[in-house]
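Report on the structure given below.
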Amino acid sequence: MSKPMRVKISALGTYVPPHLLTNADLEKMVETTDQWIQERTGIRERHIVDKGMATSDLATEAARKALAQRGLVPSDVEAIIVATVTPDMFFPSTACLVQHKLGAKNVWGFDLSAACSAFVYALQTGAQFVATGAHKKVMVIGADVMSSIIDYTDRATCVIFGDGAGAVILEPAEDDSVGMIDYLHEVDGSGGCALYMPGGGSLNPSTHDTVEKKMHYVHQDGQAVFKFAVRKQTDLCEKLLQRNGLKGSDIRAFIPHQANKRIITATADRLGLNRESVIINIDRYGNTTAATIPLAMQTAWEEGKLKKGDLVMLASVGAGFTVAAALLRWAY
Ligand code: UT7
């Protein structure tokens, strides 16, 4: 078997809907305060869609920006993977809707469900097609319209989430100085009951009763998720660093899932990361589930914290539980 090809991220595009939902807005909707939200989560505002805008719309906008950055047309892409927990519909897949909206020809694709770890899982999945030589250009998109599954009378969840999308293009790397290096992923289904949406699936198909019981909304045991996230994210990142002969201080940009600023800083401290390497933009976007990591990549890029060859570590924990850690060298 020939040696697998090194795979790089060659372009990045992001999109958030223009409508802002601020902490001041939420103070009028539920019993909460700007101070509580900022102290406990680090969030100031989040973007949410207006009625009629769906996940495929955000995903398509992000994809268009990534294509434009690389000077490509949609049909240059051979596969589209959409990481999401809020598809437009159960079926067709959001990848099909994005393909159609982009007008991409001779492309295949599918959706990937792993909640907040879905972007990193999709990144590794897409990378396999490039590494084997099956494809030269794969589009990976993380997109979620969390506002479509949030109960805006539940203060424990409605202050956290936002909507957004980010897309990257994967291509063969010219050499080993850039591109994806290694990853460590794990799922633990025993955590399923800590973060889930019980209604609408094959177990509890939608009825008046399921809607009355609010089963079509996100249900979360925040503290259980918080503790698992800090412990497990740190654990996988440590193992990944160790097996690559690296220390936390070697990381130039730590780009974690943005679920809670306290989870990010606790993980970063335990890993011994340099504070300036830790990318945080949860204040502006909230938790956009599959979109947080590409949105944070964009922030890192805009802040001048991503240069060609820089060592980057991605990390996430999400519903499932799903956990991901990945190492790469930025390619442009
Ligand atoms: O990406 C998916 C993964 N999700 C996560 O990673 C979420 C992880 N969990 C968290 O981020 C945090 O647990 C939350 C932000 C969800 C909650 O923060 P917390 O510090 O764990 O608060 P808590 O649940 O322990 O609640 C403390 C108090 C409670 O009041 P009592 O029982 O002490 O009187 C809550 O009712 O804070 C209350 N509370 C609020 N107060 C004001 C909960 N939500 C709010 C709110 N405003 N929005």
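Note that ligands are numbered from 1 as they come in the structure, with each ligand's atoms numbered from 1 the same way. For the single chain, residues carry numbers from 1 onward in sequence order. In what follows, every heavy atom counts, from backbone to side chain, and hydrogens, waters and symmetry copies are set aside.
For atom 43 (C) of ligand 1, a protein heavy-atom neighbour is found at a distance under 4.0 Å. Within a 4.0 Å radius of atom 28 (C) of ligand 1, the protein has no heavy atom. When distances from atom 2 (C) of ligand 1 to the protein are checked, a heavy atom turns up under 4.0 Å. There is no protein heavy atom closer than 4.0 angstrom to atom 32 (O) of ligand 1.
The number of heavy-atom neighbours closer than 6.0 Å to CD of Gln242, taken from other residues, nucleotides and ligands shown, is 12 or below.
Under 4.0 Å from ligand 1, not a single heavy atom of Ile37 appears. At a 4.0 Å heavy-atom cut-off, ligand 1 does not touch Thr157 at all. Contacts with ligand 1 closer than 4.0 Å are made by side-chain heavy atoms of Trp36 only, the backbone lying farther away. Contacts between Thr32 and ligand 1 below 4.0 angstrom, taking non-hydrogen atoms only, involve backbone and side chain alike.
Distances below 4.0 Å separate heavy atoms of Ala259 from the following atoms of ligand 1: 1 (O), 5 (C), 6 (O). Here is the list of ligand 1 atoms found below 4.0 Å of a heavy atom in Cys116: 1 (O), 2 (C).
By the 30° and 60° cut-offs, the orientation of the rings of Tyr121 relative to His185 is parallel.
Residues Ser148 and Thr86 have side chains that never bring a donor and an acceptor to within less than 3.5 angstrom of each other. A donor-acceptor pair shorter than 3.5 Å cannot be found between the side chains of Asn23 and Glu27. A donor-acceptor pair shorter than 3.5 Å can be found between the side chains of Ser56 and Lys101.
Tyr152 has its side chain within reach of Ile48: a pair of non-hydrogen atoms, C-beta onward, lies under 4.5 Å apart. The shortest distance between side-chain heavy atoms of Phe110 and Thr125 falls below 4.5 Å.
Taking only nitrogen or oxygen atoms, main chain and side chain alike, Gly318 does not reach within less than 3.5 Å of ligand 1. Remark: ligand 1 and Thr33 share no N or O pair separated by less than 3.5 Å (distance only, no angle test). In terms of polar-atom proximity, Arg155 is counted as a contact of ligand 1, with an N or O under 3.5 Å from an N or O of the ligand.
Residue contact check for ligand 1: Val30 places no non-hydrogen atom closer than 4.0 Å to it. Residue contact annotation: Ala156 has a non-hydrogen atom under 4.0 Å from ligand 1.
None of Leu241, Asp310, Val278 except one satisfies the side-chain contact (heavy atoms from CB on, under 4.5 Å) rule with Ile251; the exception is Leu241.
The minimum heavy-atom distance linking Ile80 with Ala95 is given by the pair O-CB, 3.7 Å.
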Trace of the salt bridge (Lys or Arg N to Asp or Glu O under 4.0 Å) decision for Asp76 with Lys137: CA-CA 7 Å; Asp76 290 331; Lys137 290 179 181 61; over 6 Å; no
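Relative to atom 4 (N) of ligand 1, the option among Glu27, Gln220, Met146 with the closest non-hydrogen atom is Gln220. Comparing Val159, Ile160, Val225, Asn287 against atom 16 (C) of ligand 1, the shortest heavy-atom distance belongs to Ile160.
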